[in-house]
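To start, the structure itself, in structure tokens.
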Amino acid sequence: MILTEPTYFNLSFSIVRPTLAIVESDDQQDAIIRLESRLTYLERHIEEQDREIYRQSEQLLKLTRESENLRNRLQSMADAKDMPSDERPPHY
């Protein structure tokens, strides 16, 4: 078993990870590279999901506010005493 200095892999996702490689064979090196590539992909995927969840939560908050405003407007219209409930609207 050969202990080497830390090596750096650039995985083309703009993430560079330091690793301490204990190299016995090329298969292990390939396995490490595959695992780091997979980890990088998963990290990017999680970041994308976080952005989407944040966007959806902002949209939900906006829709909730609009719904509350509409509910308040309808309630105020129902409470208004300007037009008796038995009076027909002018367009009839």
Scan Arg38, Glu43, Arg44 and name whichever one has a side chain to side chain contact (heavy atoms under 4.5 Å, CB included) with Tyr41.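 Running side chain to side chain contact (heavy atoms under 4.5 Å, CB included) over Arg38, Glu43, Arg44 with Tyr41 returns exactly one hit, Arg44.
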
Is there side-chain contact between Leu61 and Ser57, with heavy atoms separated by less than 4.5 Å?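 A side-chain contact under 4.5 Å is absent here.
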
Filter on side chain to side chain donor-acceptor pair (under 3.5 Å), then keep only pairs touching residues 61-70, sequence neighbours left out; what's left?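 Residue pairs with at least one partner in residues 61-70: Glu68-Arg71.
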
What is the distance from atom CG of Leu39 to atom CD1 of Ile32, rounded to the nearest 0.5 Å?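 CD1 of Ile32 is found 13.0 Å from CG of Leu39.
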
To the nearest 0.5 Å, what is the distance between CD (Gln49) and CD (Gln56)?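 Reported to 0.5 Å precision, the distance equals 10.5 Å.
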
Can you name the residues that form a salt bridge (Lys or Arg N to Asp or Glu O under 4.0 Å) with Glu58, not counting sequence neighbours?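 Testing Glu58 for salt bridge (Lys or Arg N to Asp or Glu O under 4.0 Å), a comparison that skips the adjacent residues, returns none.
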
Restricting to side-chain hydrogen bond (donor to acceptor under 3.5 Å, both in side chains), what partner residues turn up for Arg55, sequence neighbours left out?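 If we apply the side-chain hydrogen bond (donor to acceptor under 3.5 Å, both in side chains) test to Arg55, skipping adjacent residues, the hits are Glu52.
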
Ser37 and Ile33: side chain to side chain contact (heavy atoms under 4.5 Å, CB included), yes or no, with the steps? CA-CA 6 Å; Ser37 296; Ile33 291 171; 4.2 Å; yes

With sequence neighbours excluded, residues passing side-chain contact (heavy atoms from CB on, under 4.5 Å) with Arg51: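 In terms of side-chain contact (heavy atoms from CB on, under 4.5 Å), with neighbours along the sequence ignored, Arg51 is linked to Glu47, Glu48.
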
